[in-house]
Amino acid sequence: MPKPSAFASEFSSPHRSSSSALDSDAAEVLAKVFGYEAFRGDQQAIVQHVIQGGDALVLMPTGGGKSLCYQVPALVRPGTGIVVSPLIALMQDQVDALTELGVRAAFLNSTQDWQDTKDVEQAFVSGELDLLYVAPERLLTERCIQLLERGKIALFAIDEAHCVSQWGHDFRPEYLGLSMLHERWPEVPRIALTATATDVTRREIASRLSLDDARHFVASFDRPNIRYNIVEKQDVRKQLLQLLRQEHKGDAGIIYCLSRNKVEETAAFLCANGLEALPYHAGLGAQVRAQNQSRFLREDGIVMVATIAFGMGIDKPDVRFVAHIDMPKSLEGYYQETGRAGRDGLPATAWLAYGLQDVVQQRRMIDESAGDEAFRRRLGAQLDAMLAMCEAIACRRQRLLQYFGQRIEPCGNCDNCLQPPEAWDGTVAAQKMLSAIYRLMKERGQRYGAGHLIDILRGKSTPRVLENEHHTLTVFGVGLDLTDQAWRSVLRQLLAHGLLVVDQEGYGTLALTDESRAVLKGERTLLLRREAERTARAASPKPKSSLPDLPSGAQRIFEALRQWRSEIARSHGVPAYVIFNDATLREIALKRPDSLEDLAHINGVGVRKLESYGASILTCIADFAER
Ligand code: ADP
Ligand code: ZN
C-alpha cells in the first residue's frame with residue numbers, strides 16, 4: 001500500500017481557480033516534491049495547460065522529461081491522475097520511484113493478487129491516491145470503468161501514445177479503445193505523450209484518441225549528448241568487442257539484433273569473452289525476460305543483447321551506449337532505439353555497424369513480406385531513409401532531425417562531423433560495375449554473388465570465372481584501381497541509392513533499375529562516400545559531455561556516493577536511479593554541501609528525499625573529507 005504523503009494535505013488542496021495561484025502551486029510541487037529548480041523546455045506551458053483543464057498531445061524525446069508533465073498537474077489538481085501505460089513490467093518501478101518522492105502512487109494490473117487489488121481500489125475511492133497506473137486492457141473492463149466512476153479523477157495521462165498507431169511496431173489494439181475516455185469523462189483533461197517524432201504518427205494519435213481539440217506541444221528531438229557513429233561492418237564481433245572494451249568498459253548498454261538467434265549467439269559470445277551480457281527477445285519465457293530486465297535495471301554495467309522487443313519505457317537513465325549490429329528497418333526505429341542511451345544527459349554513444357548484407361537482407365525481407373503493394377512501398381521508403389543515413393556524407397544528426405522536419409547546424413558530435421568522410425566522384429566506377437552486372441544479367445537463371453562480380457572487375461581468374469568464360473567479358477579486369485573492399489562499398493551504395501535491386505524472380509541476382517541507365521549513359525554523376533581512415537581511438541576527441549568533467553576530488557566523492565546509493569537501493573529492492581540519478585550525485589560531489597539546507601538546493605533533492613537520506617549523505621561526504 002502506498003504511504004500517505006507528508007505533504008498530501010498541502011498539495012491535494014481544493015482546486016484553486018486563479019491561474020497565478022495554480023502556477024505557484026506547480027512551481028512549489030516541482031521544488032518540494034521533485035527537488036527541481038525550474039521546468040525544462042515546454043514543461044511549464046504543458047503543466048499550466050493541463051492544470052487548467054486543457055487536453056494536450058506532447059511529443060518530446062526520451063529523456064526530455066515527459067513524466068513531470070502529468071505528474072505535476074496530477075498533484076495540483078484535485079483527485080487522482082490515471083496513467084495509462086502498456087508497460088506492466090515497469091509499473092512497480094514507476095510506483096517505487098514516486099513513493100520515494102513521497103507521492104501516493106499505486107498500480108492496477110494482472111500481476112496483483114485479489115487483496116492488493118482491493119486495497120488499491122479502496123485507496124482510490126477514498127481519495128488517497130495522487131497517481132494510479134493502469135494497463136489499457138484493464139482500464140477498458142467494465143469493473144475498472146465502474147471503479148473510476150466512484151472516485152475523483154484529476155486527469156488521464158496516456159503514456160506511450162504511439163502504441164495507437166497501426167503502422168508502428170509498438171501497436172497495441174487496446175489503445176484504440178481509449179477514445180472512450182473522452183466520451184465517459186468529457187470534463188477530465190487528457191494528456192497523451194510519446195517520444196515518436198513523425199508528423200504522420202502525431203496526426204494518427206490525435207485522430208484515434210479523439211484529441212482533436214488538444215494543444216500540440218512538439219519539442220526539439222535533438223539529443224545532443226548522444227554521439228552517432230555508423231561504421232562499415234567487417235568482422236562485427238571483433239568490432240563490437242573493441243567498442244565494449246575500449247570505449248565502454250564497465251558501462252551498461254543495449255545491443256540490438258534483428259533475430260532471436262543472433263541475440264542468443266551474440267550474448268553467448270560476449271559472455272565467453274568475459275562480459276556480463278544477457279539475452280532478451282520475445283521467444284524467451286516471461287519469467288526469464290522479467291529476470292533479465294530486472295538485472296539490467298538493478299545491477300551496474302550489464303549489457304543487454306536484444307531484439308526490438310526490449311526497451312520501450314525502460315527508465316534506466318545511465319545506459320551509456322546502444323549498439324546495432326544489424327541495420328534497423330527505419331530511421332524512426334533507429335531514433336527510438338538509440339534514444340534509450342543517455343537519458344541522464346551525460347555523454348552516450350549510438351553505434352551501428354552496417355554492411356552490404358544488411359541491404360540485401362532487408363530488401364529481400366520487404367519483397368517477401370505479407371501485405372499489399374502499398375504496404376511494401378511504405379517499408380521500402382522507410383528502408384531508403386535508413387540507408388541514406390548510413391551512407392550520409394554530412395552530419396548524421398542533421399539528417400536524422402531533418403527526417404522529423406527539424407533543422408539544426410552540423411552538430412560536431414557525430415562521426416561525420418568529427419572525421420569527415422571523403423566524397424568522391426564514383427560515376428566511372430559505378431558504370432563499370434553496372435555494365436558488369438548488365439552482362440551477367442543476360443545469363444538467365446545463373447546466380448552470381450557479390451564476390452564473383454568483384455573478381456571479374458578485378459581480373460581474377462578464379463575457377464568460377466574460367467568455367468563461365470567470364471575472363472572474356474570486356475569488363476574483366478577494368479577495376480584494378482579499387483580494392484575489393486572499395487568495390488563492396490560501391491556495390492552497397494548502388495543498392496542504397498536504388499541504382500541496383502536484388503531481383504527475386506531472377507533467383508536473387510542483382511539487376512539494374514531505370515535509374516541505372518542514366519548513370520550508364522553518363523547522364524548522371526554519382527557522389528560516393530569513402531570511409532575516412534579512422535584514427536586510433538586514443539587520438540579521437542573525447543566524447544562530448546553536456547556536463548563538465550568532474551575534478552578528481554569530486555570524482556572520488558561521486559564514486560563514494562554511488563557506492564552508498566547501491567547499498568541503499570539493494571536494501572530497498574529498487575533500482576539505484578530511483579534513489580538519486582547520476583546527475584544529482586554529480587552535483588552533490590561538486591558542491592559538497594555540509595548542511596541539510598545546502599543539500600536541499602541540489603537539483604533532484606526534494607523534501608522527502610532530504611528527510612530520508614539527507615543525514616546519511618552528509619555523513620558520507622564528511623567521512624570522505626576525513627580520509
Ligand atoms: P522521458 O519520460 O521524457 O523519457 P523522464 O520524465 O524520465 O523523461 O525524465 C528524464 C530525466 O530528466 C529524469 O531523470 C528526470 O528526473 C529529469 N528531469 C525531468 N524534468 C526535469 C527538470 N525540470 N529539472 C531537472 N531534471 C528534470
Ligand atoms: Zn554531426
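As the structure lists them, so they are numbered: ligands from 1, and atoms in each ligand from 1.
- At a 3.5 angstrom cut-off on N or O pairs, Leu68 does not count as close to ligand 1.
- Assignment of Arg343 to the shell around ligand 1 is supported, since a heavy atom sits closer than 4.0 Å.
- In summary, Asp358 and Arg492 do not engage in a salt bridge, as defined by a charged side-chain N under 4.0 Å from a carboxylate O.
- Here the protein heavy atom with the shortest distance to atom 18 (N) of ligand 1 is Arg40 NH1, 3.6 Å.
- Counting heavy atoms closer than 4.0 Å to ligand 1, residue Glu37 contributes nothing at all.
- Side chains of Thr111 and Asn109: a donor-acceptor N/O pair is present below 3.5 angstrom, by distance only.
- A donor atom on one side chain and an acceptor atom on the other are not found under 3.5 Å apart for Tyr577 and Arg343.
- Between the side chains of Tyr354 and Glu391, at least one donor-acceptor pair of N or O atoms lies under 3.5 Å.
- Protein heavy atom at the shortest distance from atom 6 (O) of ligand 1 is Ser67 OG, 2.5 Å.
- Within the structure, the closest approach of Pro61 to ligand 1 falls below 4.0 Å when heavy atoms are considered.
- Counted by atom type alone, Gln336 and His162 present zero donor-acceptor pairs between their side chains at under 3.5 Å.
- Vertex the Zn ion (ligand 2), arms ending at SG of Cys411 and SG of Cys414: the angle is 110° after rounding to 10 degrees.
- Those atoms of ligand 1 that come under 4.0 Å of a heavy atom in Gly63, given as number and element, are 1 (P), 3 (O), 4 (O), 8 (O), 10 (C).
- Ser489 and Gln493 form a side-chain donor-acceptor contact under 3.5 Å, judged by distance and modelled atom types alone.
- Remark: the Asn416 side chain and the Arg529 side chain contain an N/O donor-acceptor pair separated by less than 3.5 Å.
- Taken from CZ in Arg586 to CD1 in Ile602, the straight-line distance is 13.0 Å, to the nearest 0.5 Å.
- Ligand-side atoms of ligand 1 in range of Phe39: 23 (N), range being under 4.0 angstrom from any heavy atom.
- Close approach of ligand 1 to Thr62 (heavy-atom distance below 4.0 Å) involves ligand atoms 4 (O).
- Between the side chains of Thr99 and Asp96, not a single donor N or O lies within less than 3.5 Å of an accepting N or O.
- The protein heavy atom nearest to atom 20 (N) of ligand 1 is Gln43 NE2, 3.0 Å.
- Distances between N or O atoms of Tyr36 and those of ligand 1 include at least one value under 3.5 Å.
- Scanning the protein heavy atoms around atom 9 (O) of ligand 1, the nearest turns out to be Gly65 CA, 3.5 Å.
- For Ala38, the closest heavy-atom approach to ligand 1 falls below 4.0 Å.
- The closest side-chain donor-acceptor pair between Gln555 and Glu559 falls under 3.5 angstrom.
- Atoms of ligand 1 found under 4.0 Å from any heavy atom of Asn581 (numbered from 1 in listed order, with element): 14 (O).
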